[in-house]
Protein chains: 2
Amino acid sequence: MLHVAIVEDDPDIRESLALLINGTPGYSCTQTYGSCEKGVKGILKDPPDIILMDIELPGISGIEGIKILKEKMPELDILVLTILSDHKIVFEALCAGACGYLMKDTPPAQLLEALQETRDGGAPMSTRIARMVVQSFQITPQTSLTARETEVLTHLCKGKSYKMIADSLFISEETVRRHIKNIYRKLEVHSKSEAVAKAFKEKLVNL
Amino acid sequence: MLHVAIVEDDPDIRESLALLINGTPGYSCTQTYGSCEKGVKGILKDPPDIILMDIELPGISGIEGIKILKEKMPELDILVLTILSDHKIVFEALCAGACGYLMKDTPPAQLLEALQETRDGGAPMSTRIARMVVQSFQITPQTSLTARETEVLTHLCKGKSYKMIADSLFISEETVRRHIKNIYRKLEVHSKSEAVAKAFKEKLVNL
DNA sequence: AAAGATATAACCCTTATGAGGTATTTTTTG
DNA sequence: CAAAAAATACCTCATAAGGGTTATATCTTT
């Protein structure tokens, strides 16, 4: 029996989800909550197998709720079920510890499949969300940097000093300095740490 | 009609996949290749809707193949279909531009579903792969950094100077210096850029 | 061949950073 | 409560980093 908890403020949606789950053999939903505050309390007391968590909730948001729950019980499987598909929200939820992300327009059959997939160690995501997630690995490197500059930036991202880079590339430290000046201008940054941060965030280098 | 191309060195697998696809209404596979070299040439000449790409291939690897194809035709949808589920390979493939990642033990019905899902703008992944991908967003707080040190590190990762951090946290620059000394010792690094690089690579901070 | 981009190198000057040591107050924890 | 851990703060010193300027050789591309 797969025990599911629901955190969802809309009573209609909450009840239909519970009915769907309880009406399916092998699935059971004995816990439903209208807010994160109540949900966190109840879930910690009696941990279910999977949690269906809304994001937009009165009081504490679902994202904060995920953080709190995962902090206390890292093994919990929390599936986001929401109408929001905003880039920022999706990644905040996944970073907070959600193990999947479903849109509320998911048909009942697929929702049940998603619960099973979660139980099987998967990470169910709605079509559009999955593509967002995969594309996040592919952020196109802006080609304003020259090959040599990219090479220098790569060394910066390994934490090397000007001198070490000069030695690695068999050029003078002054030339490294010049390349770095150009890199800073193009990336609109003013320090190594800013450049490294930007390089990582925008995937400008292949480490 | 969904046109699928296959790049797969095993002739048996290649042919059964083609048979499966051609035997399904709405799907067609008129291009199959035994190597990346041949695949790239043929695909660029006559682009299909979706490519099923193996990773382990004689000559150029599937990952290199994805890079070459995506460079020339960024709109191509390339699905990886392989027996490998090594962490490194999975993320290399996704970074190279794969839009999904399936294991070779995927049942035929699910494979066809995955093709349709790709056409619909999704990113089909096998259960285990999806979980790996989602987990890659989650922070690993395995460090011995204190809360305050993590806070300082977060500011470092935004490219801030000692002075700016001091102002943000309402402490003296000397205290910032002290925290950073401790951070460097714990992370075993010796410069801001190294610390930032390590923080990003090991997801020590929430940005 | 001319024009433009790129890679190379040097100089000066100021500030930021990293490494060393020491010490007090606050918070956490056993 | 006492001990330990964490956060706070200061000092000095050498070096690394960043900003400005100029210049030449080597490629690309038109």
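Just so we're on the same page: letters track the sequence lines, and every chain starts at 1.
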Novice: Just compare D:dG19, C:dT8, C:dT22 and give me whichever is closest to any side-chain atom of B:Arg178.
Specialist: C:dT22
Novice: Which of these nucleotides, C:dA7, D:dG19, C:dT17, is closest to any side-chain atom of A:Thr146?
Specialist: C:dA7
Novice: Is the phosphate of D:dG18, meaning OP1 or OP2, less than 4.0 Å from a side-chain N or O of A:Tyr184?
Specialist: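 So the side chain of A:Tyr184 is within the cut-off, an N or O lying under 4.0 Å from OP1 or OP2 of D:dG18.
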Novice: Below 3.5 Å, can you tabulate the donor-acceptor pairs from side chains in residues 15-22 of chain A to any protein atom, sequence neighbours excluded?
Specialist:
{"residue": "A:Ser16", "atom": "OG", "partner": "A:Asp12", "partner atom": "O", "Å": "2.5"}
{"residue": "A:Ser16", "atom": "OG", "partner": "A:Ile13", "partner atom": "O", "Å": "3.4"}
{"residue": "A:Asn22", "atom": "OD1", "partner": "A:Cys29", "partner atom": "N", "Å": "2.8"}
{"residue": "A:Asn22", "atom": "ND2", "partner": "A:Ala18", "partner atom": "O", "Å": "3.2"}
{"residue": "A:Asn22", "atom": "ND2", "partner": "A:Cys29", "partner atom": "O", "Å": "3.0"}

Novice: Using whole Å, report how far NZ of B:Lys186 lies from P of D:dA5.
Specialist: 11 Å
Novice: Looking at every strand, decide which applies to B:Lys181 at a 4.0 Å heavy-atom threshold: base, sugar-phosphate, or nothing.
Specialist: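 Contact class for B:Lys181: base.
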Novice: Give the rounded distance in Å between these two atoms: CZ of B:Arg185 and P of C:dG20.
Specialist: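 That distance rounds to 11 Å.
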Novice: What's the CD1-P distance between A:Ile180 and D:dG18, to the nearest Å?
Specialist: 7 Å
Novice: Rounded off to whole Å, could you give me the CG-to-C1' distance for the A:Asn182 and D:dG18 pair?
Specialist: 13 Å
Novice: Got a salt bridge between B:Asp10 and B:Arg14, using NZ or NE/NH1/NH2 to carboxylate O under 4.0 Å?
Specialist: no
Novice: Between B:Glu174 and B:Arg178, is the closest basic N to carboxylate O distance under 4.0 Å?
Specialist: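 B:Glu174 and B:Arg178: not salt-bridged.
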Novice: Heavy atoms, side chains only, cut-off 4.5 Å: are A:Tyr101 and A:Ser126 in contact?
Specialist: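 SC-SC contact between A:Tyr101 and A:Ser126 ruled out.
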Novice: Identify each donor-acceptor pair in which a side-chain atom of residues 36-58 of chain A lies under 3.5 Å from a protein atom, sequence neighbours left out, and give them as a table.
Specialist:
{"residue": "A:Glu37", "atom": "OE2", "partner": "A:Ile60", "partner atom": "N", "Å": "3.1"}
{"residue": "A:Asp49", "atom": "OD2", "partner": "A:His3", "partner atom": "N", "Å": "2.7"}
{"residue": "A:Asp54", "atom": "OD1", "partner": "A:Lys104", "partner atom": "NZ", "Å": "3.4"}
{"residue": "A:Asp54", "atom": "OD2", "partner": "A:Lys104", "partner atom": "NZ", "Å": "3.4"}

Novice: Can you find a donor-acceptor N/O pair under 3.5 angstrom joining the side chain of B:Arg148 to the base of C:dT27?
Specialist: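 There is none.
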Novice: Any salt bridge linking A:Asp77 with B:Arg131? Criterion: basic side-chain nitrogen under 4.0 Å from a carboxylate oxygen.
Specialist: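 Salt bridge present between A:Asp77 and B:Arg131.
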Novice: Nearest whole angstrom, please: distance from the P of C:dA16 to the NZ of B:Lys192.
Specialist: 10 Å
Novice: Taking C-beta and beyond as the side chain, do B:Val196 and A:Ser193 meet within less than 4.5 Å on heavy atoms?
Specialist: yes
Novice: Could you tell me the separation between the CG atom of A:Leu187 and the C1' atom of D:dG18, rounded to a whole number of Å?
Specialist: 15 Å
Novice: B:Leu145 CG to D:dA7 P: how many Å, rounded?
Specialist: 10 Å
Novice: Under 4.0 angstrom, heavy atoms only, what part of the nucleic acid is A:His179 near: base, sugar-phosphate, or nothing?
Specialist: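 Base, at least one base heavy atom under 4.0 Å.
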Novice: Round to a whole Å and report the spacing from CZ of B:Arg177 to C1' of D:dT15.
Specialist: 13 Å
Novice: Identify, residue by residue, the members of residues 161-176 of chain A with a heavy atom below 4.0 Å from DNA chain D, and return them in order of residue number, or none.
Specialist: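 Contacts with DNA chain D under 4.0 Å: A:Ser161, A:Tyr162.
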